[in-house]
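What follows is a single structure, written as structure tokens, with notes after it.
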Amino acid sequence: MCKIARSVVLFAVLVLSIESHAFETQFSGFGSVGGGMLSNGNLVYSKYDEDFASDPNVTFGLQVNASFNDKVSATGQLIAKGTDAYNIEAEWAYVTYSFNESLSVRAGRFRMPLLAYSNYLDVSYAYTWIRPPVETNRFAFSALEGYDLIYNTSLGDWDMSLQFYGGRMTDAQEVTTNDGETEEFEADLQDLFGFHHIFTYDWLTLKLYAMSTTSGARTTSELASSLVNLVRGPGGNPELAENLDPLTFKKNIYYGGSFHIDINDWVLDAELSYLKPDERNSFSSGDKAWHLMLARRIENFTFHLTYAEREDDPFYEMIDTLPQVVANPDPATAAQMPVIPLRALLASNVANQIDTSITVGLRYDFAPATAFKFEVTSLKQETILEERVLPTETPLDEEGTLVNFAIDYVF
């Protein structure tokens, strides 16, 4: 059964169950339409390129909530995105059990609350931007199959929502390489556990979050397989080869926090988050990302300015234990290339990039539950090629401008 059919069947079973047994049922929805184009096709940013495209802006979601009794409720959400070829998926399908007004537990499939806006990232109407900065909201993972425990309470003038969650996540992604080849990655995050806490005081909202997991991936990348085999070969490093292998599960930790100030029609929003591989000899980089947004509301208009940055934190020490060159094991190319610069080849494939953006935007709430948004984003992506790759450290810059508009709505 295909993914679309499975999602529709799952949602249909939930709805039929709701119609048969629910005392109270509520339907709601959300969506976005729009378009944009990027001035530099060499940049990679939200699936835009030099031709006008609307797919990255199109989203439609339908949600149903039902209460069976004062303890048990169910929630389902179907969503279709232009970035996913408009495939319909069950993003949410979970059951909630409420012990009392403060404490509840959920089980099923729901959004993974990894970052400040993760819980409602698809509901663009809920925030100022067309989308939160790509630099901070950089993870493709979305839905989690698992459980969570939510405790809502107050302490003086503060309201608090404490969430602990766990489970597993699998997700298939396609990545386009520099030479135009499409590679498939099927990510698998296991032993996943985290928390997402929200503290609110009148005009101030603070969020703290963290997550740990062990992850691996199946891939069609021939380059990844070739690199692993070279490192595993004579004169190599079996330990590093094991960590380079995408099938080897590796530990990762994500953590960060944010604040949101909304007072006298001024808004200040900031977020800082980190990705830290627990085993730093893996074939990946940690990173740091942050953004700062200042906005001003004037009646139905909101004007905003945002700076965002994401910087890789590569780890080269294990690569430096390898020989500079190894014998070419491929008989077909050994005559033309008798040796392969192994250390430089590995170093060139470890992410070492700095992404920055400056966004100027406008939000106009021109009708109830409907907003028009327009943004211009100046982008810069700087790739650092280490001395392991070239005789001297060399930055490669790409710059461009994204012009983007959208109409967001909820119902």
Side-chain angles (χ1 to χ4, degrees), residues 11 14-15 18 22 24-36 46 54-67 73-84 86 88-94 96 110-111 113 115-133 137 142-143 152 159 161 198 200 202-203 205 207 258 260-269 293-306 359-376 403-411:
F11 190 78
L14 178 63
V15 171
I18 288 170
E24 182 180 352
T25 305
Q26 295 180 337
F27 288 89
S28 60
F30 56 90
S32 300
V33 295
S46 290
S54 60
D55 287 351
N57 278 96
V58 178
T59 302
F60 181 81
L62 178 64
Q63 182 170 318
V64 57
N65 298 278
S67 298
S73 63
T75 302
Q77 184 187 97
L78 285 180
I79 189 168
K81 301 178 183 179
T83 53
D84 293 330
Y86 302 96
I88 301 173
E89 295 188 12
E91 188 76 1
W92 291 358
Y94 62 84
T96 303
F110 52 87
R111 292 284 309 193
L115 297 165
Y117 289 90
S118 294
N119 279 327
Y120 48 95
L121 187 62
D122 294 323
V123 188
S124 301
Y125 180 83
Y127 41 78
T128 304
W129 307 279
I130 293 177
R131 74 191 58 77
N137 290 267
S142 57
N152 297 307
D159 294 326
S161 178
I198 304 174
T200 305
D202 192 15
W203 44 265
T205 300
K207 298 182 181 181
S258 72
H260 185 89
I261 296 173
D262 191 336
I263 184 171
N264 296 329
D265 290 326
W266 285 95
V267 177
L268 184 65
D269 186 282
M293 183 266 282
L294 177 65
R296 169 68 172 170
R297 280 193 299 270
I298 303 176
E299 296 182 347
N300 293 335
F301 294 89
T302 303
F303 303 89
H304 59 91
L305 173 66
T306 304
T359 298
V360 178
L362 164 70
R363 172 179 174 143
Y364 174 38
D365 291 86
F366 65 94
T370 311
F372 171 79
K373 300 177 182 178
F374 179 79
E375 294 177 359
V376 177
V403 179
N404 206 194
F405 74 92
I407 297 175
D408 300 333
Y409 57 90
V410 293
F411 58 89

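Considering CG of D84 and CD of E89, their distance stands at 5.5 Å, rounded to 0.5 Å. Interatomic distance, CG of N65 versus CD of Q63, reported as 4.5 Å (0.5 Å rounding).
Here the rule is side chain to side chain donor-acceptor pair (under 3.5 Å) with R297, and of N264, D262, T302 only D262 fits it.
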Which pairs would a plain distance check flag for residues 366-373, meaning a side-chain donor or acceptor within less than 3.5 Å of a matching protein atom at least two apart in sequence or in another chain?
unit_1	atom_1	unit_2	atom_2	d
T370	OG1	P368	O	3.1
K373	NZ	S124	O	2.6
K373	NZ	Y127	O	2.9
K373	NZ	W129	O	2.6
K373	NZ	D408	OD2	2.8

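No side-chain heavy atom of L115 sits less than 4.5 Å from a side-chain heavy atom of K207. Between I261 and W266 the shortest side-chain heavy-atom distance does not fall below 4.5 Å. Annotation: side chain of T25 is in contact with side chain of V64 (closest heavy-atom distance under 4.5 Å). Looking at heavy atoms from C-beta onward, T59 lies in side-chain contact with F30 at the 4.5 angstrom threshold. You'll find the side chain of F405 stays beyond 4.5 Å of the side chain of I407, heavy atoms only. Taking the side chain as every heavy atom from C-beta outward, H304 and E375 approach each other to under 4.5 Å. Taking 4.5 Å as the limit, every side-chain heavy atom of F60 sits out of range of all side-chain heavy atoms of L78. T75 places none of its side-chain heavy atoms less than 4.5 Å from the side chain of Q77.
Here D122 pairs with K81, R111 under the salt bridge (charged side-chain N to carboxylate O under 4.0 Å, His left out) rule; sequence neighbours left out. When the side chain to side chain contact (heavy atoms under 4.5 Å, CB included) test is applied to T96, the partners found at least two apart in sequence or on another chain are S73, Y94, S98, S104, R106.
Surrounding CG of D202 are more than 12 heavy atoms belonging to other residues, nucleotides or ligands, all under 6.0 Å away.
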Next on the checklist: For R131 and N137: C-alpha separation, side-chain torsions, deciding distance, then whether side-chain contact (heavy atoms from CB on, under 4.5 Å) applies.
Outcome noted: CA-CA 9 Å; R131 74 191 58 77; N137 290 267; over 6 Å; no

Checklist entry - Given F374 and I130, is the side-chain contact (heavy atoms from CB on, under 4.5 Å) satisfied, shown in steps? => result CA-CA 8 Å; F374 179 79; I130 293 177; over 6 Å; no

Item to check | CA sep, side-chain torsions, deciding dist, call: Y364, F301, ring-ring contact (aromatic ring centres under 6.0 Å, His included) | outcome: CA-CA 5 Å; Y364 174 38; F301 294 89; 4.4 Å; yes

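Pairing each heavy atom of L62 with each of S28, the nearest pair is CD1-O, 3.4 Å. The minimum heavy-atom distance linking P56 with S46 is given by the pair CB-O, 3.5 Å. Between N57 and A406 the shortest heavy-atom distance is ND2-CB, 3.7 Å.
The main-chain N or O of G35 is found under 3.5 Å from a side-chain atom of N404 such that the two form a donor-acceptor pair.
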